[in-house]
Participant: 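Quick one: the structure is below, questions incoming.
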2 protein chains.
Amino acid sequence: MKREQNMLEKRAKILEAAIPLFADNGFSATTVATIAKQAGVGFGTVFNYFVSKEDLFKAAVIEPLDEQREILKKIVMAQGTPHERLKKMVICHLQHFSNHRNQMRLMFYVLGQPERFPEIAEELFAFARDFFAAVVPIVEEGQTNGEIPACDPLGLSWSYFAYINGVVMTMLDPPDDPKWEQFILHGCRLFGITD
Amino acid sequence: MKREQNMLEKRAKILEAAIPLFADNGFSATTVATIAKQAGVGFGTVFNYFVSKEDLFKAAVIEPLDEQREILKKIVMAQGTPHERLKKMVICHLQHFSNHRNQMRLMFYVLGQPERFPEIAEELFAFARDFFAAVVPIVEEGQTNGEIPACDPLGLSWSYFAYINGVVMTMLDPPDDPKWEQFILHGCRLFGITD
DNA sequence: ATAAAAAGATTGATTAATCAATCACTTTTT
DNA sequence: AAAAAGTGATTGATTAATCAATCTTTTTAT
C-alpha cells in the first residue's frame with residue numbers, strides 16, 4: 001500500500017511543480033528537466049507518470065478544473081436572491097483566482113492559443129459553456145424581478161467571463177493587494193450590483 | 001530610392017507575417033522558417049532585417065503600440081462630457097481590437113508572461129501607466145459632476161484594462177459578430193454608462 | 001520471522017530531431 | 001563594376017523521449 005500512496009504523492013508533486021513553470025514560461029520554453037528538478041525527481045521519472053510532455057501539460061491545465069466545477073456548483077445551488085448569489089459568485093471567483101493564480105493563468109494561456117492546443121482548449125470551452133449555462137438563468141431571474149438591468153444574459157455572461165480572464169492575466173499581485181477588492185467591486189458592477 | 005522603399009516594404013511584410021504566427025503559436029513554437037515562408041522571403045533574409053528571432057518578436061509586439069498611442073491621444077484630447085468621451089473610448093478600443101486582434105493578442109500574451117519577456121513587458125507596462133494617467137482624470141471629472149458613480153478611479157481603470165485584455169483573449173470571432181456589441185455595452189457599464 | 005526472488009519504480013546518459021544563426025555564394029540595384 | 005540585398009545549406013546547441021542499469025518495495029518460500 002505504501003507504494004501506491006508514494007506514487008500518487010509524486011505525481012502530485014510533479015504537477016505542482018509544472019503548473020507555475022508552464023504558467024510563467026509557456027509550453028515550449030518549459031523543459032521537462034526543469035520540472036523534474038523543481039519537483040525533486042529524476043528526469044526519467046516524469047515519464048513514468050506522464051507519457052509525454054504534452055500529456056503532463058494537459059494534466060496541469062485540466063485537472064484543476066474539477067475544483068472550479070465544485071465552486072460553480074455551489075453557486076448554482078446556493079439559496080438567496082440572484083443579486084446575493086451573483087455577488088457571492090464574483091467574490092468567490094476572484095478570491096479563488098487570487099489564491100490559484102498560476103492554475104488560472106495556465107487555463108487562460110491555453111484559451112489564448114486554442115488552435116495550438118485544440119484538445120485542451122475544447123475541454124476549457126466545454127467548461128465555459130457549462131459556466132454560461134449556470135449563470136444565464138440566475139441573471140434572467142434577476143432581470144425578471146428587477147434586480148439586474150435588462151440586457152442579453154448570455155452577452156453579460158461572456159463579458160463577465162472575459163473580465164475574470166483579463167483580471168487573472170493582468171493581475172500579478174498577491175491575494176492581499178487592495179486591487180483585488182477593486183476587481184471584486186467592478187466585477188459586481190458588470191451585473192449592475194453597486195453595493 | 002527604389003531599394004530603400006523595397007526594404008521598408010519587405011520589413012513590413014515580415015512583421016505582418018510574424019504577428020499572427022506569434023499570436024497563434026507563442027514565441028518558441030513559431031519558427032523563423034515559417035515566418036519567412038509566410039512573408040514570401042528567404043530564411044536568411046529575415047536576419048537582414050532583424051538581428052535575431054527575439055528582435056523580430058520585440059518589433060512585432062511593440063511597433064503596433066504607436067497606433068494605440070494615437071487612439072489614446074485622440075480620446076484624451078476629445079471634446080465633450082466625460083460620459084461622452086469614455087463611451088467613445090470604449091467603442092473605439094473594442095472596434096480597434098476587433099480589427100487588430102492578433103496585435104492585441106500578442107500584446108496580452110507578453111503581459112501574461114512578464115518574467116519571460118521582461119524588456120518587452122516593461123514597455124507594455126509603461127504604456128499601461130500612460131493609459132491610466134490619461135483615463136483617471138476623465139473618470140475623476142465625471143465623478144465630480146455626478147456622471148460616473150463614485151469609486152477609486154485607478155481601480156476602475158485597472159478593471160477596464162483587465163476587461164479589454166480579457167475580451168481580446170477570449171473573443172476569437174470576426175468584427176461583425178454581434179458579441180462585440182455586447183462587449184461594448186458592458187465595457188460602458190463598468191464606467192456606469194448605461195445608454 | 002527471515003531471506004531469496006520477483007516485480008516495480010527511479011534514474012540519467014544516450015539518441016534523434018528540431019531550429020536559430022551564420023556565411024559563402026547568387027542576384028539585383030546603383 | 002561596385003555595392004548591397006537575397007538566399008538556403010551547414011553548424012552547433014537544445015531538448016523530448018528512450019532504455020539499460022540500479023535501487024526499492026512487495027511477494028513468496030522456508
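We name chains A, B, ... by the order of the sequence lines, and we start the count at 1 in each one.
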Participant: Who are the ring-ring contact (aromatic ring centres under 6.0 Å, His included) partners of H186(A), not counting sequence neighbours?
Facilitator: none

Participant: Going by side-chain hydrogen bond (donor to acceptor under 3.5 Å, both in side chains), name the residues that satisfy it together with T30(B), two or more places apart in sequence or in a different chain.
Facilitator: none

Participant: Would you give a per-nucleotide map of nucleotides 13-25 of chain C, 5' to 3', where B means the base has a protein non-hydrogen atom under 4.0 Å away, S means only the sugar-phosphate does, and - means neither?
Facilitator: B-----SSBB---

Participant: Once you round it to whole Å, what is the distance between P of dT10(C) and CZ of F50(A)?
Facilitator: 12 Å

Participant: From the options L190(B), V90(B), L94(B), select the one residue that forms a side chain to side chain contact (heavy atoms under 4.5 Å, CB included) with I164(B).
Facilitator: L94(B)

Participant: Do Y160(A) and V135(A) touch side chain to side chain, with heavy atoms closer than 4.5 Å?
Facilitator: no

Participant: So, F131(A) versus H93(A), ring centres under 6.0 angstrom or not?
Facilitator: yes

Participant: Taking only heavy atoms on the protein side, list every residue of residues 7-23 of chain A lying under 4.0 Å from any atom of DNA chain C, sorted numerically.
Facilitator: M7(A), K10(A)

Participant: Between Q5(B) (CD) and dA5(D) (P), how many Å, whole number?
Facilitator: 14 Å

Participant: For dA9(C), take OP1 and OP2 only and decide whether either is under 4.0 Å from a side-chain N or O of Y49(A).
Facilitator: no

Participant: Can you list everything that forms a side-chain hydrogen bond (donor to acceptor under 3.5 Å, both in side chains) with R11(B)? Sequence neighbours excluded, please.
Facilitator: E63(B)

Participant: Just verifying a value: how many Å separate L65(A) CG and I120(A) CD1, rounded to the nearest 0.5 Å?
Facilitator: 10.5 Å

Participant: Tell me which pairs pass ring-ring contact (aromatic ring centres under 6.0 Å, His included) where either residue lies in residues 98-122 of chain A, with sequence neighbours left out.
Facilitator: F57(A)-F117(A), H96(A)-H100(A), Y109(A)-F117(A)

